[in-house]
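Here is the naming used below: chain letters follow the sequence lines, and residue numbers restart at 1 for every chain. Since the structure is predicted, the reported quantities are computational estimates derived from the model, not experimental observations.
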Amino acid sequence: MNAKPIITYSGAGPLFRSLEAQILNAIPLDTCEWRRTFHRPSKQVRLEVQTQPFNVNVLEKYKKGEWSILEHPILHIFVTECNDLDTYKASAHEEIKNWLKQLTSYGISDWMILLVETLDVRKAKNLLPRTTVLDKIRQDFATKNDDRCISVLNPAKFEQKSAESFRCLVQRIRFLILASYNRNIAKYEELIRSRREKRNHDGWDFRQYFFMQEDLALIFEKLELHTEALIQYDELDAMFSQFITNTGFGEKQRWLEYFRQPLSSFHGICLSRRDKFEIRNKIKEGPVSILEFRNYLFERQAHLLQQNNETPEIARRLLNFLFSTLREIELVKLDTPEGALSCWEFVCAVEVLQTCEQAMEPNGMICFQHCAPIWNLAKDKLYELGKLCGLLPGFTPSSEQLHIVVQLSAGIGDTPLEQSQFLNPTPQISEQKRDRSPNRRPKKPATDQLKEALGSNEAFQKLYLELAELAISTYKHVTRLRSARLVGLDLGNFYCALNEPHKAVGFFTDLLRELKAENWHALSSQTLLELANCYRKMGDSLAYTKTCSSISCCQELEMLVRSFYFDEFLKSVKTLTTSLSAQPSLENANYCVLEDHFRICDIIVLNEEPIIQDDIIMVQLKLESMYPREVVAESIQLSYEIHASPLASEATVPNRAALASSSIDGKLSRIPTSSPLKESRLKMSLRLDYKQDNTLDCASVECDVPKAKQPVRRTSSTKRKLSPSVQSDFTNFVATENVAIPPGYNIIELKSKATRVGTWDFKQMRISISQLEFFSENIPFRASPFVITTKPAAAVLNFKNLIAGIEQPVRLIVSGGSFIFPTDAKITLKCSKNLRIRMSCRSGEENGDNLTYESEGVLHEIVKDKVTTTALEDDSTFASVLQVPLQNFKSFEEREIPLEVLTDLPGRKISKHLEHYVTLTCPWSRNELQIAIDFQPALEAQCRLHTCGTQKFLHVVMKGLEANLYLTEAKVKCDVSGVRLIDLNPPSQARVQIYKGLTVSYLYEIQVEPLKAEVELPAVIKVHFITKYSTVENPQLLRNYGCAFDLVDYTTLFKVQTQLEPNELCRLRSVCNLNLKITKVHENPYVDLMYEVLSDQNLWAVCGRSAGVVSMKDVDCHSISLDVMPLSTGFLPMPNIRLSRYTAGGKNKADTHSKVHPFPQGQVYNSTKSMQIHVIASSNGEQ
Amino acid sequence: MAVCISIIGKDNAPLYLTTTDLDKELELQYRVHAALDVVEEKCQPVSKGTPDSKELYLGLLYSTETHKIYGFVTNTKIKFVIVVDSGNIALRENEVRAMFRNLHMLYTDAVCNPFYAPGEPLTSV
């Protein structure tokens, strides 16, 4: 269709015609910027024009407002070649004036005056004319818009020079055309608007309006404004729809009759028409069916979209177009031959799909998104047609149906493409375009495909399968899996009809998985029915059994159906034995999903915590059977596995975990609260990076952080399986056998022996019914883990501060743990030296009656007997080895056995405490257990030796430390002959009480017999101190306490006496005489003695010698006089004398030096030791 | 009005589904189920859409020759799907919106019931 803008010319027609070709060719060569009104964006436009002589008649319409912008001349040019002012004035002026007047009378201002200069004025005459013709014209007609007057050198005559001026002309024409369009489009839009307002008036015809607005659209299209052109069509589309809708409400439009034509033909749309306006002309010429009109409208829209590179949009619009057209036909109440509309829809769909395929970019997801439902539609429509024409599998078309096929085939029409091909044998551009990819076989046009499919059952099947597969794959490609499965359902049904159930099974299974994953029970049970049907046809008895079983558990289905399939299941399961063994390759084929048939409601461990190893675990299982009737399970097993403890890191961040857990269902989320704990661990991996020379560059630990979850997440493809894939470790399980499970809730007890120690989680349940194994996917709730343990047996001695010397209570605590005791078990206690042990008598009396266990009572009676028969006051019941019987001792029992221990008091003073051990030999251990026991002594004894002149006294001090005791019968004993100890203690003090902090003293005199010649007294004598003691509570029971003291220097050898003279008056700083007398008291071997005066140098000054040696050989007494001087006044202590043994040096070679050994204190008695001297101040010296 | 109304939980399991025509119930269920594809598509976090101004109404999910399927998703990922007879030309989109609003309110009331555990199928009283 020719829609080029029209330019009219008047004036010198032949001249213009000579230029015409040149102008028309030049205009499209370049683009021109179109500045548009109303802030619309400016656009570069390439124009094409056509010319015609000026004709007033055309303008007549314009004036009346019945014009079309398409036919309206857009620019009027007046051409003249008047070069001479005189001729201009004579004729041309008048002509132009009239022309302009005419134009203005029609309200047209789009004109241009073209002055063609054939003579080169400037060259011909050497002087410039005052005014040129052009100036004059401008002056006369275009004072305001002088750009409308232009002169051009005639290119025919001035080939070189004219180029510049000609280019100017062309540019000007372009500019003026666009300026004219601005004005005219606005005006035309106004016209359209006013026309639209009248749409409800009588006699208003949509078709007229349609063409009117379409002209605008065509202009826009011409000006490459596809979007705006599309808007025009969309407006028309909407308007038409509204009209039809209104008819539905009873509104009658007379013009609608034009469209209410019988649908004798129902051509689909064709997007590759040669003559795009074929139907337009038809619409213009006469009545067309609504279908044709709609087709045309959509084709136009599609064309514009294609021009605008929006091919996917065509696909998007298609369904709406098809459906709304169908509705319109219905509303208009058009009679349609049966199947006609399906044909039409099919052809349209395939046409659009083919167009999209050509335009599709490989990763243009949008296009696929819109195409997927179209494929599905094409498939559905084909199916409808197949049904109508008896082409479905299993049918053969009747003659009536064959007639329909013929009618439909005629109505479909041929591809217009082919027609044009027939008409124009020139190479097909569109055909070449289609062949873009060399591998792609040129697609048959949609009409041909349909006709072929309607032609035979085989072709129909082939096309249907092809379309269905395409629909599925396209849906899958755009990840609309559910839709894909739904198509699969249709395809599966088709395969079933084809009697190829094995092909259908896959589709049904996919669908079932999808539906089950999202708990669409009603739908999944339907699918199960389909599957059962397939399996039965296939003769797959195992699958059939499983499916029947599942169906009978579908609570959405009617009981009748369920019962039927339950019977089938029972029947079929009996035949399985043979078929299973025949197919050993199908491993795990007999596994079923337990959740489809049973529901685990509760699992309770009945045992008391903790379960001891080798005990019987009792588990109560609450199971809901969904079978319609009772089934008998050969075995029910519930496996348990070692409990995986949560990671520490997760325990520290419970809040975050709780937050994240909210979104997704339990199984796949990584959160500890609701999910199996193993999955909550982060995946950590080692990563080693190497340098170029293969040395390690960097080692790191990587952690995959789980991605943020999508708001709606697809879980189905991964989550739920139709057959259980994981069989957990069934080495540990509780089980029961041969249980009848009636429908509904059942309480079943499962048992097993607790063989392995640990914390356990229930993992999976297995129910075996005949040949089928039902495995649970997971335990639906979090059953708390249970513990199987072996508690170690232990024996402990319990005591507080123990005191040596008296019987002390000690408790032996035996906790049995999981050790199983023989009835005559016993614990042997062995004590270290001096420690003895026995069963307690007192605690036995106290506790024995309260004990609950009979055996315990028996035990204590034995103990009591022992205690009572042997004297209570006697310590003989204490023994160093004790056997404690553990009669009828049970596992996990704890028993306290009171014992008493006794240890001797230590004879000598000890620093801290007495350390003892008790060694236990327990029945559960081969090793001996050594327990340390420490005692504090009850009392301690010390002795001191006192000297009084020649007499010696032994002072024994008993110091009470811990206990409250009585002391009796204190004695000393010395075995050395010649030494006698005389008891000086009052005999009345028979019993002395002693307690902590109290000391008790005993005094004895040591008498040494005069020395005999041959016997020499030992330097050290041993004195034994013996006393008896008893506790205050039990004074009858006396125990011995013995203590040995070593006594040295128990005789005085020398006596020293000092005397100061003058005795009565001793003055400061006056020399006094110190008389020293050494007397031998006891015969002794020491001959040479050395004396020394030891005095405080501040108090006494020794004048002359302060020391000397005397020999006591053959003499008993020595007197020595020394001079001393008091240095201070007051009572001064007598200067001290130290007496030493002296060994003179030089007697033998070894000892050249003299040696001095001071006597120990006890050997020398200084009788004047603590004497004091009153020193008064000297009478003269000081004053 | 609507031929099928359904409430679908966040795990895509149907919580409530009712149809006017019992014969067509299965077919409509399939349609509703397939509509979840489009719901998922529309709910995908596209960078273009501003997350703040979240429109719960998803609009027309898809249409078939006989039915139009509209969707609505709550903030808690509960999906409402309404199937409308496409022959009903008088029905405007605003009315569909209003239906969803009412349905949302009804659902909220149902969930407010303290004896209702989220995720359980709903029953109409």
Side-chain angles (χ1 to χ4, degrees), chain A residues 241-242 244-246 248-249 319-320 322-324 326-328 330-331 341-342 345 365 369 372-373 376-377 380-381 384 475 478-487 489-490 511 514-527 662-665 708 710-716 719, chain B residues 6 8-15 17-19 22 25-46 49 51 54 58 60-69 71 73-79 81 85-92 118-121:
Chain A
S241 302
Q242 194 56 50
I244 305 281
T245 309
N246 290 347
F249 299 132
L319 286 182
N320 193 32
L322 294 177
F323 299 154
S324 60
L326 288 180
R327 247 191 341 271
E328 283 168 10
E330 200 180 307
L331 283 170
L341 291 176
S342 299
E345 280 182 83
M365 196 57 114
Q369 249 173 29
N376 192 27
L377 179 87
D380 287 344
K381 290 298 139 189
E384 280 176 24
Y475 268 130
V478 296
T479 63
R480 291 195 184 177
L481 286 188
R482 297 183 190 83
S483 311
R485 305 289 184 232
L486 196 55
V487 181
L489 175 70
D490 291 341
L511 178 65
E514 189 81 31
L515 292 171
K516 268 176 108 177
E518 295 179 342
N519 295 322
W520 287 72
H521 298 299
L523 298 183
S524 57
S525 45
Q526 287 301 318
T527 315
S662 57
S663 58
I664 308 299
D665 65 278
Q710 290 177 356
V712 180
R713 204 179 53 145
R714 161 156 240 103
T715 52
S716 57
K719 198 178 92 183
Chain B
S6 62
I8 295 150
K10 64 175 182 176
D11 54 351
N12 290 341
L15 301 180
L17 196 142
T18 186
T19 49
L22 272 179
E25 171 146 10
L26 271 179
E27 191 214 324
L28 286 170
Q29 276 206 39
Y30 278 124
R31 299 264 163 255
V32 171
H33 184 243
L36 290 177
D37 277 334
V38 192
V39 173
E40 266 176 23
E41 224 167 76
K42 294 206 175 194
C43 286
Q44 252 158 26
V46 191
K54 215 188 146 218
L58 298 176
L60 180 69
L61 299 178
Y62 71 100
S63 53
T64 67
E65 211 167 302
T66 46
H67 296 117
K68 283 184 175 174
I69 293 123
V73 62
T74 71
N75 287 320
T76 50
K77 309 291 166 229
I78 306 296
K79 286 136 242 171
V81 175
D85 192 347
S86 61
N88 187 354
I89 46 174
L91 190 70
R92 286 171 197 284
E120 274 179 9

Subject >> Derivation and outcome, side chain to side chain contact (heavy atoms under 4.5 Å, CB included), residues B:V32 and B:I8 >> reply: CA-CA 9 Å; B:V32 171; B:I8 295 150; 3.6 Å; yes
Side chain, backbone, both or neither: which part of [X] has a non-hydrogen atom closer than 4.5 Å to chain B?
X: A:L322; answer: neither
X: A:E345; answer: side chain
X: A:L326; answer: side chain

Specify which of [options] makes the most heavy-atom pairs with chain B at under 4.5 Å.
options: A:E330, A:Q526, A:H521; answer: A:Q526
options: A:L377, A:L489, A:L331, A:V478; answer: A:L489
options: A:L511, A:N376, A:L515, A:D380; answer: A:L515

Subject >> Segment of B:L60 engaging chain A (4.5 angstrom heavy-atom cut-off) >> reply: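 For B:L60, there is no contact with chain A at all, as no heavy atom is under 4.5 Å.
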Between [atom1] on residue [X] and [atom2] on residue [Y], distance to nearest 0.5 Å:
X: B:S6; Y: B:L36; atom1: OG; atom2: CG; value: 8.0 Å
X: A:Q369; Y: B:D37; atom1: CD; atom2: CG; value: 10.5 Å
X: B:H67; Y: B:E27; atom1: NE2; atom2: CD; value: 6.5 Å

Original post:
Where do A:E514 and B:H33 land on the side chain to side chain donor-acceptor pair (under 3.5 Å) test, with the steps shown first?
Top reply: CA-CA 10 Å; A:E514 189 81 31; B:H33 184 243; 5.1 Å; no
**OP:** Might you work through the salt bridge (Lys or Arg N to Asp or Glu O under 4.0 Å) test for A:R480 and B:E40, ending with a clear yes or no?
**Re:** CA-CA 9 Å; A:R480 291 195 184 177; B:E40 266 176 23; over 6 Å; no
